[in-house]
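Remarks on the structure that follows.
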Amino acid sequence: AGLATGSAGPPGDGAGWEASMADAPAGHLPQQSFRFSISVRTVQDLSLPLGGYANVYCRFAYRLLELQQGTGSSRAVRSSPPVLLPKRGEVALPNGGCVFEFAAEPAALLQTLAHQPLLIELWHKDRYVKDVLLGIATVDLAEIVGVLPRASGRAPSGFVTTERAEELAVPVHPPLHPPEPLRRS
């Protein structure tokens with residue numbers, strides 16, 4: 001079972017980051033401006049506990065980046081609408097992305113990312129019963145910081161920019177307790 005995440009780019013178009021150098025106040029370590037764009041693109045080869053098909057969507061939140069961004073609250077990103085996934089099939093997950101923009105010291109950012117992985121939940125949606133958690137994928141966002149830059153340039157503001165991108169396929173692990181079989185009345 002697996003989820004595929006994408007590469008950095010326009011909002012909602014990837015899992016990666018861009019950085020630009022920002023002026024740091026005297027006496028402080030230099031900060032950089034970061035833009036993380038995370039997108040869950042597809043789900044494939046899922047052994048479905050519910051039968052031959054599931055109506056799937058993904059859900060994730062990354063509180064540590066939201067705190068860096070200054071929002072202070074956790075807002076879950078959810079792909080929408082749910083899509084029909086056949087057993088041993090692959091489907092695209094629409095609208096499964098978000099963007100985080102913030103300033104941080106690179107070393108502090110790496111420590112933050114290494115502290116907690118991104119957890120992506122995969123759910124089955126059914127109009128007649130409560131949603132069922134099918135599995136969880138784990139993504140180490142600190143790995144993306146170590147990727148070699150694929151592009152660089154100069155922003156309109158004059159700052160030097162670099163872009164790093166990584167496309168990953170990650171396994172989906174079943175939840176600790178298997179879901180109850182769906183029963184319709």
Side-chain angles (χ1 to χ4, degrees), residues 1-43 57-80 92-123 133 135-173 175:
L3 290 172
T5 59
S7 58
D13 189 30
W17 65 283
E18 298 176 35
S20 58
M21 291 299 294
D23 292 327
H28 292 278
L29 293 174
Q31 288 196 342
Q32 293 183 353
S33 296
F34 292 92
R35 180 177 189 261
F36 265 76
S37 176
I38 300 170
S39 180
V40 180
R41 294 188 179 173
T42 62
V43 62
Y57 67 91
C58 74
R59 182 181 171 281
F60 64 91
Y62 199 70
R63 182 151 171 76
L64 295 175
L65 282 181
E66 289 168 351
L67 291 173
Q68 287 282 343
Q69 185 168 281
T71 62
S73 64
S74 186
R75 178 185 61 84
V77 174
R78 179 178 160 172
S79 63
S80 178
L93 293 171
N95 305 312
C98 67
V99 175
F100 299 99
E101 292 181 337
F102 55 91
E105 296 175 24
L109 175 62
L110 185 58
Q111 183 178 6
T112 298
L113 296 177
H115 177 70
Q116 182 177 350
L118 172 66
L119 300 178
I120 303 171
E121 301 170 340
L122 189 65
W123 289 85
L133 179 63
I136 300 172
T138 303
V139 179
D140 182 2
L141 293 177
E143 286 182 23
I144 294 171
V145 177
V147 172
L148 293 175
R150 74 172 187 185
S152 62
R154 200 165 279 286
S157 62
F159 293 117
V160 174
T161 64
T162 58
E163 181 180 336
R164 290 171 170 80
E166 184 75 1
E167 194 157 323
L168 306 169
V170 293
V172 175
H173 301 285

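By convention here, the first residue in the shown sequence is residue 1. Remember, predicted model here, so these are calculated numbers, not experimental data.
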What's the shortest heavy-atom distance between Val40 and Cys58, and which atoms? CB-SG, 3.8 Å
Measure across Val172 and Ala137 and return the closest heavy-atom pair with its distance rounded to 0.1 Å. CG2-CB, 4.2 Å
Within the distance-only criterion (no hydrogens, no angle test), does the side chain of Tyr57 pair as donor or acceptor with the backbone N or O of Gly96 below 3.5 angstrom? no
Here the gap from Leu93 atom CG to Ser80 atom OG, rounded to the nearest 0.5 Å, amounts to 11.0 Å
Ile38 and Leu141, any side-chain heavy atoms less than 4.5 Å apart: yes
Who are the side chain to side chain contact (heavy atoms under 4.5 Å, CB included) partners of Thr138, not counting sequence neighbours? Pro117, Leu119
Who passes side chain to side chain donor-acceptor pair (under 3.5 Å) against Arg59, sequence neighbours left out? Glu121
Residues that Ala114 engages under side chain to side chain contact (heavy atoms under 4.5 Å, CB included), provided they are two or more places apart: Ala142
Is the shortest side-chain heavy-atom distance between Phe60 and Val139 below 4.5 Å? no
State the CD-CG distance between Glu143 and Leu168, to the nearest 0.5 angstrom. 7.0 Å
Pro94 and Ser79 have their tightest heavy-atom pair at O-CB, 3.2 Å
What heavy-atom pair brings Val77 and Gly97 nearest, and what distance separates the two atoms? CG1-O, 3.6 Å
Heavy atoms only: give me the nearest Phe36-Leu113 pair and the separation to one decimal. CZ-CD1, 3.6 Å
